[in-house]
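Treat the numbers as computed from the prediction; the structure is a model and nothing was measured. Naming: A, B, ... by sequence-line order, numbering from 1 per chain.
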Number of protein chains: 2
Amino acid sequence: MKSISDFLKNHDIRPSYQRMRIFEYVQSKRNHPTIDMIYSSLIQEIPSLSKTTIYNTLRLFVSAGIVKPVTIEDHEIRYDADTVPHIHFKCIKCGKIEDIYLKNDWNDLASMVPEGYVVNEEHLYLRGLCPDCRDA
Amino acid sequence: MKSISDFLKNHDIRPSYQRMRIFEYVQSKRNHPTIDMIYSSLIQEIPSLSKTTIYNTLRLFVSAGIVKPVTIEDHEIRYDADTVPHIHFKCIKCGKIEDIYLKNDWNDLASMVPEGYVVNEEHLYLRGLCPDCRDA
DNA sequence: AGGCAATTGTGTAATCCTTACAATTTTTAT
DNA sequence: ATAAAAATTGTAAGGATTACACAATTGCCT
């Protein structure tokens with residue numbers, strides 16, 4: 001918990017209890033949770049927690065760059081605290097969204113983009129069957 | 001307009017006037033429009049048009065596979081009638097979403113995915129500056 | 001430590017987007 | 001032309017997100 005507090009401070013975010021717990025949840029679960037998933041889980045331990053706080057806090061985290069919004073589809077917004085470049089895989093059967101890491105890099109992408117475009121971010125996501133659902 | 005009518009019929013969609021106009025809009029503008037963009041434009045020529053019809057029609061088009069939902073971010077859903085594989089580029093300055101086509105294929109992607117995953121769809125979008133905004 | 005100012009959290013109400021539904025209109029087939 | 005089916009429309013309902021005002025907490029200063 002101390003490390004989370006320091007991490008937030010390093011990003012000019014005051015480490016209130018709610019903020020620490022919310023960040024801890026997103027970072028540790030790695031479930032790409034929705035607002036509701038965070039709320040449903042934390043309300044059990046922080047009975048006073050308000051959903052507005054979750055919205056405010058996530059907005060703060062996103063603008064500070066320590067959490068990324070993941071917009072895969074279904075117009076649900078999900079959140080991800082992993083800052084290492086990775087791609088998302090959504091299983092069309094169980095619905096789970098996982099992080100996967102490609103075997104090789106694909107950093108030759110910049111050379112494949114038409115002239116004149118400046119690329120700041122690359123987002124890749126795949127849809128298909130995860131290993132569990134493939135075998136079932 | 002005849003070709004649109006035939007196209008819809010080929011996909012088992014009855015070519016009502018509204019459906020033809022909505023499909024024509026999405027296909028010709030190539031603006032990756034939101035529901036509102038479609039409505040605001042067509043209401044000027046079809047005063048009786050209901051937004052519910054836009055929702056219903058787009059849902060029909062998506063389930064028939066002739067239009068793809070584009071979920072880039074901002075939890076806005078946009079629609080795209082281009083069925084040729086391509087990637088999306090969103091300019092962070094002007095906000096426009098464009099289709100771009102990579103110079104080479106990147107079909108070595110499947111070989112880079114971890115074992116056990118079955119990939120059905122690949123979605124790639126890039127964010128950065130479009131040529132116009134880069135020069136401005 | 002104590003107290004004050006500033007920030008953060010909470011809950012209700014308002015807003016916006018999307019969908020449900022029933023009635024009307026249009027289309028299709030006989 | 002008529003009846004049945006389907007599509008469209010408008011209103012109302014639902015759900016998610018945000019605005020806002022007040023309460024609680026935190027940080028800073030002495």
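The distance from atom OH of A/Tyr39 to atom P of C/dG11 is 8 Å, rounded to the nearest whole Å. For B/Leu60 and D/dA7, the CG to P distance is 8 Å, given to the nearest whole Å. Taking atom CD1 on A/Ile46 and atom P on D/dT25, their separation rounds to 13 Å, with Å as the unit. Atom CD1 of A/Ile13 and atom P of C/dG9 are 11 Å apart (whole Å). As rounded to whole Å, 14 Å separates atom P of C/dC17 from atom CD1 of A/Ile77. Atom P of nucleotide D/dA16 and atom NZ of A/Lys51 are separated by 7 Å, given to the nearest angstrom. Atom-to-atom, CD1 of A/Ile22 to P of C/dT8 comes out at 13 Å; the value is rounded to the nearest Å. We find that CG of A/Leu58 is positioned 15 Å from P of C/dT8, with the value rounded to whole Å.
Proximity note for A/Pro15 (side chain, C-beta onward) versus C/dG9, C/dT10, D/dG27: the nearest is D/dG27.
Residue A/Arg19 places at least one side-chain N or O under 4.0 Å from the OP1 or OP2 atom of C/dT8. Checking the phosphate oxygens (OP1, OP2) of D/dT26, no side-chain nitrogen or oxygen of A/Ser16 falls inside 4.0 Å. Between A/Tyr55 and D/dT18, a side-chain N or O to OP1/OP2 separation shorter than 4.0 Å is absent. Side-chain N/O atoms of B/Ser50 include none lying less than 4.0 angstrom from OP1 or OP2 on D/dT8. Phosphate contact (OP1/OP2 of C/dT10, side-chain N/O of A/Ser48, threshold under 4.0 Å): present. Close to D/dT9, at under 4.0 Å from its OP1 or OP2, lies a side-chain N or O of B/Gln18.
The backbone N or O of A/Leu49 sits nowhere less than 3.5 Å from a side-chain atom of A/Thr53 that would complete a donor-acceptor pair.
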Apply the test salt bridge (charged side-chain N to carboxylate O under 4.0 Å, His left out) to residues B/Glu45 and B/Arg21: give CA-CA distance (whole Å), side-chain angles for both, the deciding distance (0.1 Å), then the verdict. CA-CA 10 Å; B/Glu45 301 172 45; B/Arg21 295 302 305 273; 2.7 Å; yes

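Using a 4.0 Å heavy-atom criterion, one finds that B/Leu49 contacts the sugar-phosphate atoms exclusively.
Checking B/Arg14 against B/Asn56, the closest nucleotide of DNA chain C that is more toward the 5' end is the one next to B/Asn56.
Aromatic ring centres of A/His32 and A/His88 lie closer together than 6.0 Å. B/Phe89 and A/Tyr117 have their aromatic ring centers within a separation under 6.0 angstrom. Ring pair A/Phe23/A/Phe7: centre-to-centre distance below 6.0 Å.
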